[in-house]
> 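The structure's right below; bear with me while I get my questions together.
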Amino acid sequence: MSDPEESHLVQERRQKVDRLRDRGVEPYPWSFPDRVPSTTVVDRCRSLTPGATASGPDARVAGRIRTIRQHGRSAFLDLEDQAGGLQLFLRVDELEEPAYSEWLADLDPGDIVGAEGSPMVTRRGEPSLLVRQLTMLAKAIAPPPEKFHGLRDAELRIRRRYLDLLSSPETRARFRARSLLVREIRHFFDEHDFLEVETPILGAVASGAAAEPFGTRSTYLDEDLQLRISLELPLKRLLVGGMERVYELGRIFRNEDLDVTHSPEFSMLEAYWAYTDYTDMRRLMEAMYLRLARRIADLLPEVPAAVEAPTLFQSPFAVVDFVEALEERSGIPGLLDKGRDELRALARTAGATVPDASPPGKFLDKLFEHYVEPSLTRPTFVVDHPLSTTPLAKHHRSKPGRVERFELYCRGVELANAYSELNDPDEQARRFEEQLAAKGTDHYAIDRDFIEALQYGMPPASGVGFGIDRAFMALTGAASIKEVILFPPVRSRP
RNA sequence: GGGCCCGUAGCUCAGCCCGGUAGAGCAGGCGGCUCUUAACCGCAAGAUCAGGGGUUCGAAUCCCCUCGGGCCCGCCA
């Protein structure tokens, strides 16, 4: 693939830029005031019969030229803007300066133009703008992707997302929906009196999850730093500090390979709620997902999975006990009494390869992943995990060997993870030590300052975390996380 | 990191099995057309066939390596 700079197509378009300048037309002007969305013009066309032109004031629209259909001394242009698009109808006897023939010669698909004229409906019934004045707003010197098939090359669609966006209404709709869904999530927490906060991305030791961190370095501090892998510990410090309902929605970084459901950097929301337990949080999450499901159906009426979301997410969500579900599905009784070696053997049989030295919880997670997860297509809360799987949750008040935790699953994907938060400083210290000793989790560094914070007293609280990308995937049925991240990580260009 | 598959014009694709020196549509150029909508009609142009090496009289095509991508596995609560 040669550099577009060298292409003769670009050369030809550069010559058009020169020609425009020679005629005194600025190819890159500063603004286009008083423009309205294309939908405003389309609305004004509704009352018109085919062939009629509106009598009222002229309308001004702006956007990108997608196609040009020239008919000798008239032409139709398809103009696209964020609201949608509109057909422009150019006729030599309607168009003011500059001359029609000059305009068409220097206009290409991909150019951004402004148009002023009368709303009209063609004889074939297409809402249009009968153009009186056409203004070049940004001459495109690189040609846009093919008008009908668009950009299919998966690599180009990701590396040059702007090309994917400008050539694909579906892509534009998807990312618009993502933004509005994030807005909805913020509204939800704001309405429940949670404060949105920001905590550091850079720190000495990344903690709060078992994942390989990215490293970087501060020249000023002369220290090695790590990028955060979770939001948990700083937010809990805020509970200690007296903030009773906090959440953060931000990027976290895990130094791992990318696949259909994992990206090395992704957006995570974590919320902590003082004086409540995981049952309260379960109700909150159910309420949130019910709301998001309704919202996504409105936002993406063209996407079947989005339209089905309100049917799929219906109250009450199913609740299953982690151990009961696993024992039932696998047909293996007494899992909690089994030792590490026995669990490892079972995990092997189930086809999972886990480092021998992993803590018992790791094998249980693998078994769960294998036997239970795929069957969780409807929204289901999996509750009360074995203690060995979860170092930061409070032990269960009535089930020995368990913690008060839930994970929400839907369409086989984990959508949320929450627990009654551990606030006993000594037990927390002990759990960290155990994790560290168990190996297989060598990235678990002990955050001493966090233990110290707990010593001052953290109110009982529930906390939840969920990946924004996966939530959006589950709601829209997206096949890959790359489809829901505007700029997924890619290798630098060769 | 391992396995399989893919990379041909700016874009979308054919040609590759079975070796004979590259073909179309869109976009662009020139000409025609004042209601089209993947507009249409005519003419001309556009390609280090991802890059490098090998086999061969001859390689887009067969083999090897490199780069980039996709899928699966591993890693990843």
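To find a chain, count down the sequence lines: A is the first, B the second, and so on, and within it residues start at 1.
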> Taking the side chain as everything from C-beta on, heavy atoms only, tell me whether A:Ile252 gets closer than 4.5 Å to A:Ile229.
no
> Quick one: CZ on A:Arg405 to CG on A:Leu387, what's the gap to the nearest 0.5 Å?
11.0 Å
> Take the protein atom CD of A:Gln70 and the nucleotide atom P of B:G29, then report the distance between them rounded to whole Å.
10 Å
> Is the phosphate of B:C67, meaning OP1 or OP2, less than 4.0 Å from a side-chain N or O of A:Arg491?
no
> In Å and rounded to the nearest 0.5 Å, what is the CD to CG distance from A:Glu404 to A:Asp384?
7.0 Å
> Regarding B:C11, can its base be found pairing with the side chain of A:Asp153 as donor and acceptor, where the two atoms are less than 3.5 Å apart?
no
> Base, sugar-phosphate, or nothing for A:Glu155, non-hydrogen atoms under 4.0 angstrom?
sugar-phosphate
> Using the P atom on both, measure B:C64 against B:C6 and round to a whole Å.
13 Å
> Can you tell me whether the side chain of A:Glu126 and the base of B:U36 have a donor-acceptor pair closer than 3.5 Å?
no
> Name the residue closer to the 5' end of RNA chain B, choosing between A:Arg152 and A:Arg91 according to the nucleotide with the nearest heavy atom.
A:Arg152
> Take a 6.0 Å sphere around CD of A:Gln82 and say whether it holds more than 12 heavy atoms from other residues, nucleotides or ligands.
no
> Separation of A:Tyr100 atom OH from B:U34 atom C1', in whole Å?
8 Å
> Starting at CD of A:Glu483 and ending at P of B:G70, how long is that distance when rounded to a whole Å?
11 Å
> Rounded to whole Å, please give me the gap between CG in A:Leu130 and C1' in B:U36.
14 Å
> Mind listing the residues from residues 104-119 of chain A sitting with a heavy atom below 4.0 Å of RNA chain B? Number order is fine.
A:Asp108, A:Pro109
> Quick check: on RNA chain B, is the nucleotide nearest A:Thr67 upstream (toward 5') of the one nearest A:Lys16, or the reverse? Name the residue that is more 5'.
A:Lys16
> Is there a side-chain polar atom (N or O) of A:Arg159 under 4.0 Å from OP1 or OP2 of B:G69?
yes
> What is the distance, rounded to the nearest whole Å, between atom CD1 of A:Ile65 and atom P of B:U37?
18 Å
> Please report, rounded to the nearest Å, how far the C1' atom of B:C11 is from the NE2 atom of A:His8.
13 Å
> So what does A:Phe368 touch, heavy atoms closer than 4.0 Å: a base, only the sugar-phosphate, or nothing?
nothing
> Can you tell me how far the CE atom of A:Met473 sits from the CD1 atom of A:Ile481, to the nearest 0.5 Å?
6.0 Å
> Report yes if a side-chain nitrogen or oxygen of A:Lys482 is closer than 4.0 Å to either non-bridging phosphate oxygen (OP1 or OP2) of B:G70; otherwise report no.
yes
> What does B:C4 pair with, Watson-Crick or G-U, if both distances are under 3.5 Å?
B:G70
> What is the distance, rounded to the nearest whole Å, between atom CZ of A:Arg157 and atom P of B:U12?
11 Å
> How far, in whole Å, is B:A14 from B:U8 if one measures between their C1' atoms?
10 Å
> Mark yes or no for whether A:Glu421, through its side chain, and A:Ala461, through its backbone, hold a donor-acceptor pair below 3.5 Å.
no
> Return the nucleotide paired to B:U12: Watson-Crick means purine N1 to pyrimidine N3 with N6-O4 or O6-N4, wobble means G-U with N1-O2 and O6-N3, both under 3.5 Å.
B:A24
> Looking at A:Asp106, A:Asp111, A:Asp18, which hits salt bridge (charged side-chain N to carboxylate O under 4.0 Å, His left out) with A:Lys139?
A:Asp111
> Side chains of A:Asp81 and A:Ser38: is there a donor and an acceptor less than 3.5 Å apart?
yes
> Check salt bridge (charged side-chain N to carboxylate O under 4.0 Å, His left out) between A:Lys16 and all other residues, then give those that pass, not counting sequence neighbours.
A:Asp108
> Have a look at A:Asn417 and say if it touches a base, only the backbone sugar-phosphate, or nothing, with a 4.0 Å heavy-atom cut-off.
base
> Taking the same atom, P, in B:G32 and in B:G15, what whole-Å distance lies between them?
39 Å
> Specify the separation, in whole Å, of atom CZ of A:Arg66 and atom P of B:A27.
12 Å
> Is there a side-chain polar atom (N or O) of A:Lys366 under 4.0 Å from OP1 or OP2 of B:G74?
no
> Under a 3.5 Å cut-off for both contacts, is B:A45 paired Watson-Crick or G-U wobble with anything, and if yes, with which nucleotide?
none
> Would you kindly check whether a donor in the side chain of A:Asp257 faces an acceptor in the base of B:G74, or vice versa, at under 3.5 angstrom?
yes
> With the side chain of A:Glu146 defined as its heavy atoms from C-beta on, choose the nearest nucleotide among B:C72, B:C75, B:U12.
B:U12
> Looking at the base of B:U36, is there any donor atom on it, or on the side chain of A:Arg69, that sits under 3.5 Å from an acceptor on the other one?
yes
